[in-house]
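Here is how names work: the chains are called A, B, and so on, in the same order as the sequence lines, proteins then strands, and each is numbered from 1.
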Number of protein chains: 2
Amino acid sequence: MREDTRTRIQEIALRLFTEQGYEATSLREIAEELGVTKAALYYHFKNKDDIVASLVEMRLDDLEKLLEWVRSRPKTPQMRRELVERYAESVRATRNLGIARFLERNQTALRDHPTLIKIRERMMELTTEISEPGATPADRVSQALALFALHAGKWLMKEGELSDEEIHKACLEVAYRLLEPSGFRASEL
Amino acid sequence: MREDTRTRIQEIALRLFTEQGYEATSLREIAEELGVTKAALYYHFKNKDDIVASLVEMRLDDLEKLLEWVRSRPKTPQMRRELVERYAESVRATRNLGIARFLERNQTALRDHPTLIKIRERMMELTTEISEPGATPADRVSQALALFALHAGKWLMKEGELSDEEIHKACLEVAYRLLEPSGFRASEL
DNA sequence: GTCTATATCGCGATAGAC
DNA sequence: GTCTATCGCGATATAGAC
């Protein structure tokens, strides 16, 4: 039971866009890997941009669900820790694993893409929800950095020094630390 | 006493490469802003790649000087704090202010550029120097994140909420916190 | 649903006059 | 040091047969 062509185009495009960048990847390359001609791609997607849109809209949906959830809850330290946990899960979900990496790179190339603009807006809203308005500037920067720390581990550490699972656990721990105001620590609670 | 053309090309290219991305910026655009034709650019630089090289080699020099310094010193907490301080200064130096931003974006587009590869290697070496081999995974990720925290503030915080100076001070403070092992805090020293 | 063939464009780069 | 003119290429995208 073979995947349909549309899905295979998305998989190949996502991989090449991530490895080489969006602009550096041509439709010819995608078609070649798929074993068809360029023209065939235009049956499934109306243009190159449309392939990207089909990829990133799933990620936008996830972020908007996360925002909806966070706004239904009171702004407490517990909520912040749970948001970090949920965000980490959503980044690691199979359908988003590759898309998150694709988005990390290609920010500049896709700066005008409507869906990308929305994703950036939603990320800013999430960092607003996670930070305390009355906190010191350092605490605010620290809390805003918490979500991004969950992306950083993968390219921060030397290859093979720590396992994927160790890196994930470590990033989560660092993100929790970044949430805490400088005055006290979780270990003292 | 007017700037020479070569310098003006570098300034315009740096701005456009940063705003739009390297691949999305054509030599035609650069020439148009300068008020000359494409062909004139080829008198000053042998190709598009050469313009980038002329920009990023200054940054590579700075990183290598920083590495040389750090390796001449013992691995102590004081050294780590001083490294963060020096790195922050080097990012803020006028000649590097724009180049650092240009490098943050365009990582993917220039992934094969020889100078960029060296810069990435030097950054990895710096994060190696700044982290303690015996520390826990979380502490290691945290310490590696310290240098990158100095880049994050500019695009992390909402526009106009904090001044540039406040953001810089806050990032520095966050970087210092990331250096500390989770067992104790600087405020207790 | 995929093909061949082609239109159209803009790119990086070069030659040679001035 | 800058110009005009042009080359060669590969890109996105489309038309129409099968």
Spacing between [X] atom [atom1] and [N] atom [atom2], to the nearest angstrom:
| X | N | atom1 | atom2 | answer |
| --- | --- | --- | --- | --- |
| B:Y22 | C:dC11 | OH | P | 13 Å |
| A:F45 | D:dT14 | CZ | C1' | 18 Å |
| A:I51 | D:dA13 | CD1 | C1' | 12 Å |
| A:L27 | D:dT14 | CG | C1' | 13 Å |
| B:E23 | D:dT12 | CD | P | 12 Å |
| A:L41 | D:dT14 | CG | P | 13 Å |
| B:Y42 | C:dA17 | OH | P | 21 Å |
| B:D50 | C:dG12 | CG | C1' | 14 Å |

Among residues 12-21 of chain B, which ones have heavy-atom contacts with DNA chain D below 4.0 Å?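 Per residue number, the list is empty: none.
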
According to a strict under-4.0 Å criterion, is B:R28 in side-chain N/O contact with OP1 or OP2 of C:dC11?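 Yes.
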
Does a side-chain N or O of B:S26 approach OP1 or OP2 of C:dC11 to a distance below 4.0 Å, or not?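 Indeed, a polar side-chain atom of B:S26 lies that close.
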
Polar atom pairs (N or O), protein with nucleotides 2-8 of chain D, under 3.5 Å:
unit_1: D:dT2; atom_1: OP2; unit_2: B:H44; atom_2: NE2; d: 2.8
unit_1: D:dC3; atom_1: OP2; unit_2: B:T37; atom_2: N; d: 2.7
unit_1: D:dC3; atom_1: OP2; unit_2: B:T37; atom_2: OG1; d: 3.1

Test your reading of the model: is there a side-chain donor-acceptor pair from [X] to the backbone of [Y], 3.5 Å cut-off?
| X | Y | result |
| --- | --- | --- |
| B:R80 | B:E180 | no |
| A:D62 | A:S90 | no |
| B:E29 | B:S26 | yes |
| B:R105 | B:T18 | yes |

Heavy-atom closest contact (B:L27 atom, B:L41 atom, distance): O-CD1, 3.6 Å

Test: side chain to side chain donor-acceptor pair (under 3.5 Å). Region: residues 41-54 of chain A. Which pairs qualify, not counting sequence neighbours? A:Q10-A:S54, A:D49-A:H113

Identify each donor-acceptor pair in which a side-chain atom of residues 168-176 of chain A lies under 3.5 Å from a protein atom, sequence neighbours left out, and give them as a table.
unit_1: A:H168; atom_1: NE2; unit_2: A:R92; atom_2: NE; d: 3.4
unit_1: A:E173; atom_1: OE2; unit_2: A:R177; atom_2: NE; d: 3.2

For A:E104, which residues count as a side chain to side chain donor-acceptor pair (under 3.5 Å) partner, sequence neighbours excluded?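 Residues passing side chain to side chain donor-acceptor pair (under 3.5 Å) with A:E104: A:H151.
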
Side chain to side chain donor-acceptor pair (under 3.5 Å) with B:E89: which residues, sequence neighbours excluded? none

